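The structure under discussion appears below in the form of structure tokens.
Bear in mind that the values here come from a model prediction, so they are computed numbers and not experimental data.
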Amino acid sequence: MAPAVVYGSLPDEVPLLLNKNGLKADATNRTYDVKEDYEGNYRFAPIEEAQVSRAMIKRYFNMMYERAISDVVIIGAGSAGLSCAYHLAKSRPDLKITIIEANVAPGGGAWLGGQLMTPMVVRKPADRFLEELGVPYEDEGPFVVVKHAALFTSTVLSRVLALPNVVLMNATAVEDLIVRPDPRDPAGQRQRVAGVVTNWTLVALNHDTQSCMDPNVITAPVIISATGHDGPMGAFSAKRLVSMGLLKELGNMRGLDMNRAEPAIVNGTREVAPGLIMTGMELSEHDGSNRMGPTFGAMMASGIKAAREAIRILETSQVVDGKIVA
Ligand code: AHZ
């Protein structure tokens, strides 16, 4: 006779707590014979492989379920997107902020300065953002220098991820935008960006090699696009606005002029189409403004401005179930 198949015998996942004797006890008061010994006798608490799967799946898919309606979606976790997420999440802890990043590694181009060198240059007054994050720098008068760009990027990333109202889905690409008639337009002609269409990036990169692999969606009253200048995935929303007929043509990023480029990006950060704010270097493709090369102050200040714009929109709108209704 075949052996009986028994389900439900796996212990549920329960938090481990340290008890008086240094043994780990979980919430059901089971104790585990663990030892932190680096002389050859290190012992872990036992685990079933399925517990590991369930620990991840439960959290990830609960998070996707919960964030199917978000308050703000930020597309792209480069220096502009992360600066935006930090300012927004700190200023408005009540908002559900969802960051979608196509790459496995968040951070965009901010892991290095210019020409693959490590120092990062930030023009004043954007050094105030470094102060707020607690990132040290050397003062060179009109600008400051962080010893390694990764010190800025890892710090802002860890601060953002530690905020309870932020989630980051990396290795996930935005491959389209949700667009609806804008309820604020009495004629019903104007279109409003109302969410994002997502897919695992590895799937998004394989639409030409496989049969149809349909996407997922996230609804939000405000979308902030921070996908950088043109590249394999860059300037995503700017290009989609053109192909959808919501923008006549791309302005195309112009040649390098640090003095013109940085204020143009910061001061031009705005809601470029109803429901869609654009920040960082993506804006240079939308507006046809100069690039600044390896100076990062404008990315930080543009991110902060995008966060302020998002708050302004939310404070002047009536939102029901993730949709602006008036
Ligand atoms: O992976 C991209 C990167 O991390 C991500 N991204 C792009 N398209 C996406 C999509 N879905 C999800 N469809 C997407 N994620 O967006 C991030 C963009 O980061 P970035 O560092 O490229 O852009 P940024 O505007 O934050 O910073 C630009 C930094 C530059 S470029 C530049 C110059 O060339 O002159 N100067 C500066 C300071």
To the nearest 0.5 Å, what is the distance between [atom1] ([X]) and [atom2] ([Y])?
X	Y	atom1	atom2	answer
I57	R54	CD1	CZ	8.5 Å
M253	D230	CE	CG	8.0 Å
K58	Q51	NZ	CD	10.0 Å
T98	I223	OG1	CD1	9.0 Å
K323	T219	NZ	OG1	7.0 Å
L88	S83	CG	OG	12.0 Å

Do [X] and [Y] have side chains that approach each other closer than 4.5 Å (heavy atoms only, starting at C-beta)?
X	Y	value
T153	S79	no
P136	L151	yes
R128	M300	no
I218	I69	no
I99	M169	no
V122	F143	no
I74	I97	yes
M299	M281	yes

[X] side chain vs [Y] backbone, donor-acceptor pair below 3.5 Å:
X	Y	result
E282	G234	no
K305	N267	yes
E285	L250	no
D71	K96	yes
D257	N290	no
E138	V145	no
N206	Q210	no
K248	V242	no
N199	A204	no
W200	A173	no

Flag if over 12 foreign heavy atoms under 6.0 Å of [atom1], [X]:
X	atom1	answer
R270	CZ	yes
Y60	OH	yes
K147	NZ	no
D321	CG	no

Is there a chain of hydrophobic side chains (I, L, V, M, F, W, Y, each step under 4.5 Å between heavy atoms) that links [X] to [Y]?
X	Y	answer
I178	L276	no
F129	L163	yes
Y38	F44	yes
V203	V196	yes
L205	M213	no

Problem set entry | Audit row: R190, D182, salt bridge (charged side-chain N to carboxylate O under 4.0 Å, His left out) steps and yes/no | CA-CA 6 Å; R190 196 171 54 202; D182 189 347; 3.1 Å; yes

Is any side-chain N of the basic residue among [X] and [Y] closer than 4.0 Å to the acidic one's carboxylate O?
X	Y	answer
R254	D287	no
E271	R192	yes
R92	E315	yes

For this session: Evaluate the side-chain hydrogen bond (donor to acceptor under 3.5 Å, both in side chains) criterion for residues R123 and T295: first the C-alpha distance (whole Å), next the side-chain angles of each, then the deciding distance (0.1 Å), finally the verdict.
Result: CA-CA 7 Å; R123 288 167 67 193; T295 60; 5.2 Å; no

Which atoms form the tightest heavy-atom contact between [X] and [Y], and what is the distance?
X	Y	result
G114	P294	CA-CB, 3.6 Å
E262	G297	OE2-N, 3.4 Å
L133	F152	CD1-CE1, 3.7 Å
A89	N165	O-ND2, 3.4 Å
I224	A310	CD1-CB, 3.9 Å
V217	T198	N-OG1, 4.4 Å

For this session: List the steps, then state whether side chain to side chain contact (heavy atoms under 4.5 Å, CB included) holds for I324 with Q318.
Result: CA-CA 6 Å; I324 288 192; Q318 199 187 332; over 6 Å; no

Exercise. T279 and S302: side-chain donor and acceptor closer than 3.5 Å?
Worked result: yes

Exercise. Side chains of H207 and E175: is there a donor and an acceptor less than 3.5 Å apart?
Worked result: yes

Problem set entry | Test side-chain hydrogen bond (donor to acceptor under 3.5 Å, both in side chains) applied to R240 and S237, step by step | CA-CA 5 Å; R240 190 65 180 117; S237 303; over 6 Å; no

Problem set entry | side-chain hydrogen bond (donor to acceptor under 3.5 Å, both in side chains) between T172 and E101, intermediate numbers included | CA-CA 6 Å; T172 307; E101 167 53 51; over 6 Å; no

Exercise. Would you say the ring centroid of Y65 lies under 6.0 angstrom from that of F61?
Worked result: no

Exercise. Under the side chain to side chain contact (heavy atoms under 4.5 Å, CB included) criterion, do M292 and S284 qualify, and how do the steps go?
Worked result: CA-CA 10 Å; M292 71 290 294; S284 72; over 6 Å; no

Problem set entry | Verdict with supporting geometry, V193 and R180, side chain to side chain contact (heavy atoms under 4.5 Å, CB included) | CA-CA 7 Å; V193 176; R180 299 194 175 100; over 6 Å; no

For this session: Determine, step by step, whether R308 and S91 satisfy the side-chain hydrogen bond (donor to acceptor under 3.5 Å, both in side chains) criterion, reporting the C-alpha distance in whole Å, the side-chain angles of both residues, the deciding distance to 0.1 Å, and the verdict.
Result: CA-CA 9 Å; R308 294 167 65 115; S91 312; over 6 Å; no

Exercise. Would N216 and V197 satisfy side chain to side chain contact (heavy atoms under 4.5 Å, CB included), going step by step from the backbone distance to the final call?
Worked result: CA-CA 6 Å; N216 187 30; V197 178; over 6 Å; no

